[in-house]
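What follows is one structure encoded as structure tokens, with my remarks underneath.
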Amino acid sequence: MTPEAFVLLSGSLTFGVPLVLALRELRGLRRGGGGWRPDPVPPAPRPLPRGGSGKPLPDGLIPRPLPARPVRQLEDA
């Protein structure tokens with residue numbers, strides 16, 4: 001391969017492919033009606049059903065108060 005062909009092919013891969021991809025993206029933006037569309041508003045969350053199943057929670061799911069930590073006593077140095 002001649003040095004001229006190598007430089008031409010290397011340059012087209014380095015600059016040509018990203019340029020073609022960027023132009024394709026820009027063309028796609030113009031087809032969307034121009035400008036940015038606002039984000040759609042998410043629907044309001046459904047309220048949780050009241051009552052539940054009537055079964056008590058397992059022991060692992062019941063929150064327990066943390067044990068009190070003893071107060072640290074500083075020693076004389």
Side-chain angles (χ1 to χ4, degrees):
M1 182 181 290
T2 65
E4 294 85 12
F6 178 77
V7 169
L8 182 66
L9 292 175
S10 175
S12 66
L13 279 177
T14 302
F15 301 110
V17 173
L19 184 63
V20 168
L21 291 175
L23 290 175
R24 193 183 92 189
E25 291 293 322
L26 285 174
R27 191 180 67 193
L29 283 176
R30 282 195 216 135
R31 287 186 182 173
W36 297 102
R37 289 184 217 121
D39 292 335
V41 177
R46 294 184 358 200
L48 295 175
R50 299 202 182 258
S53 65
K55 297 179 185 175
L57 288 175
D59 287 337
L61 294 178
I62 298 174
R64 306 253 184 242
L66 296 174
R69 294 176 62 187
V71 178
R72 290 185 170 184
Q73 297 293 329
L74 298 177
E75 296 181 5
D76 294 332

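Because only heavy atoms are used, hydrogens play no part in the values below, and waters and symmetry mates are left out as well, while side chains stay in.
With side-chain heavy atoms closer than 4.5 Å counting as contact, directly or through intermediates, the hydrophobic cluster containing L19 also holds L23. With side-chain heavy atoms closer than 4.5 Å counting as contact, directly or through intermediates, L8 stands alone and belongs to no larger hydrophobic cluster.
Here L61 pairs with L57, P58 under the side chain to side chain contact (heavy atoms under 4.5 Å, CB included) rule; sequence neighbours left out. Applying the side chain to side chain contact (heavy atoms under 4.5 Å, CB included) criterion to L21, with sequence neighbours excluded, gives V17, R24. Contacts of T2 classified as side chain to side chain contact (heavy atoms under 4.5 Å, CB included), with partners at least two apart in sequence or in another chain: E4, A5.
Between V7 and P3 there is no side-chain heavy-atom pair separated by less than 4.5 Å.
The salt bridge (Lys or Arg N to Asp or Glu O under 4.0 Å) analysis of residues 56-71, with sequence neighbours excluded, yields the pairs D59-R64.
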